[in-house]
Amino acid sequence: MIPRRFAPLLFGLILSGLMSLLVSGISTWRAAGPVADFPSLWLGAWLMAWLAAFPTVLLVAPVTRRLVEGLVGE
């Protein structure tokens, strides 16, 4: 079991991985279409996207949390 203190990192890892997988898949499909090497193209695009998405999520999440707290009433 992973210690609770790693929950924000794990959340960011999973969220950024899933979102970048989805967005890169859609983008790759729109750019290349149903080509034979689509899975390879998608994997390359996803890995590059995830490398950017993971640290971005870690940096932006606290700011977003504060913004949401300011916008939502009690």
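Model, not experiment: these values are computed from the prediction. The basis for the numbers below is simple: all heavy atoms, side chains too, and nothing from hydrogens, waters or symmetry mates.
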Task: Same apolar cluster (I L V M F W Y, side chains within < 4.5 Å links), Leu18/Phe54 - done: yes
TODO: Answer yes if the side chains of Trp42 and Thr28 hold a donor-acceptor pair under 3.5 Å, and no otherwise.
DONE: no
- [ ] Please indicate whether Ile2 has more than 12 foreign heavy atoms, meaning atoms of other residues, nucleotides or ligands, lying under 6.0 Å from its CD1.
- [x] no
Please output the side-chain donor-acceptor pairs of residues 4-16 that fall under 3.5 Å, not counting sequence neighbours, one pair per line with the distance.
from: Ser16; atom 1: OG; to: Gly12; atom 2: O; distance (Å): 2.7
from: Ser16; atom 1: OG; to: Leu13; atom 2: O; distance (Å): 3.2
from: Ser16; atom 1: OG; to: Trp50; atom 2: NE1; distance (Å): 2.8

- [ ] Would you give the length of the straight line joining atom CH2 of Trp29 to atom CG of Leu41, rounded to the nearest 0.5 angstrom?
- [x] 11.5 Å
Open item on the list: Side-chain heavy atoms nearer than 4.5 Å, only ILVMFWY residues, links allowed to pass through others: does that put Phe38 and Leu47 together?
Closed with: yes
